Amino acid sequence: MENGWTSGENHGGRNKRLSKMTNKKSFWKKVKKAAKGLALATVIFHLGTQLRHSANDFYHNAKPSLQREAFKKEFGFPLRGWSSDIEDDPKNISVCAEILNREDVERPFTLDTLRIRSDSYLRKSLLDQIHASPFFNEPSGYYFNDIVVVKDVDRNTLHHEIKHAKTFDIIKENKDFLNKWKDLAKDKNGNSLYLNVGEQVCYWVNGLENIISKDKLDASANEKLGFVRSYGRNNVFEDIATICEEAESNESKFARWLFDGDQRNEIIAKKIALAEEYHLIPAGFSEFVKLKQTEQGC
């Protein structure tokens, strides 16, 4: 009796455990099925937005407006985007034309396209949708053979991205240029002052900026090291684009760095001289800043 009762009790416990395991497996199967369904729906949704994005480009390439035709004829590459950000907002075209003409006079550059990015998530490219996710700090513009800028085009951003395009043109012609610039961003031991790859990732991912040493993001400390903005410390390309952008839009800042006695910054002065030598900024920029400072002092 005792053995039989014990055996029955064990058997009942075993059934309960098996039932719980079965319920857990059933639950996780439902979760996996729901996750797969959600993933499929997400893929289909984004595929639809990308088909629409591509269709918009195809339409305007096949049937460009007078504004787009005139733009391509003048600059040699197309202006892309939605009609609401181009034809319906002519200010964007005029700002782009102004900056492009100014930059072309200083040094011609090659570009495949210039795109004005829509504010609407549904009208963004896949890369721009990724940038717009909560995980990243969405840039106001970027360069990758093409230049992409936000609508209500910011002059400083467009200058910045064109400097990237010019930098890559220079590298093709003169590989020593990049090494000359990197030599101006080293500590007393010869180590690079730029953020390492991991730190650069942290800079762009929301919530991870605090992992980077505060000294490397301190504006005052970075200025002493030759960076006009902390953003330029990301890498050599951002260093070049940042200082050249500032030279285009805030030349008065350089009076102190180039000519103001104890506040003169030798590293910034050398970077400006190199930028002038390779026509990344207007020839005679330093002389212009000095002349303007003299006029203001009179």
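What you see is a predicted model; the values in this text were computed from it and never measured. In what follows, every heavy atom counts, from backbone to side chain, and hydrogens, waters and symmetry copies are set aside.
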### Query
Can you find a heavy atom in the side chain of Glu209 that is under 4.5 Å from one in the side chain of Tyr203?
no
Between [Y] and [X], is there a salt bridge with N-O shorter than 4.0 Å?
{"X": "Lys72", "Y": "Glu74", "value": "no"}
{"X": "Lys253", "Y": "Glu223", "value": "no"}
{"X": "Asp57", "Y": "Arg115", "value": "yes"}

#### Entry: Set of salt bridge (Lys or Arg N to Asp or Glu O under 4.0 Å) partners for Glu277, sequence neighbours left out
none
### Query
Residues in salt bridge (Lys or Arg N to Asp or Glu O under 4.0 Å) with Lys186, at least two apart?
Asp183
### Task
Under the ring-ring contact (aromatic ring centres under 6.0 Å, His included) rule, collect the residues that match up with Phe45, sequence neighbours excluded.
none
### Message
Are Phe259 and Phe254 an aromatic pair, judged by ring center distance below 6.0 Å?
### Response
no
### Message
Tyr142: which residues meet the side chain to side chain donor-acceptor pair (under 3.5 Å) condition with it, sequence neighbours left out?
### Response
Asp128
### Message
Using 0.5 Å steps for rounding, measure from the OG1 atom of Thr167 to the CD1 atom of Ile240.
### Response
4.5 Å
### Message
Please list all pairs meeting salt bridge (charged side-chain N to carboxylate O under 4.0 Å, His left out) that have one or both residues in residues 171-180, counting only residues at least two apart or in different chains.
### Response
Arg107-Glu173
### Query
What pairs meet the ring-ring contact (aromatic ring centres under 6.0 Å, His included) rule with one or both residues in residues 90-119, with sequence neighbours excluded?
none
### The single option from Glu246, Glu103, Glu238 passing salt bridge (Lys or Arg N to Asp or Glu O under 4.0 Å) against Lys163
Glu103
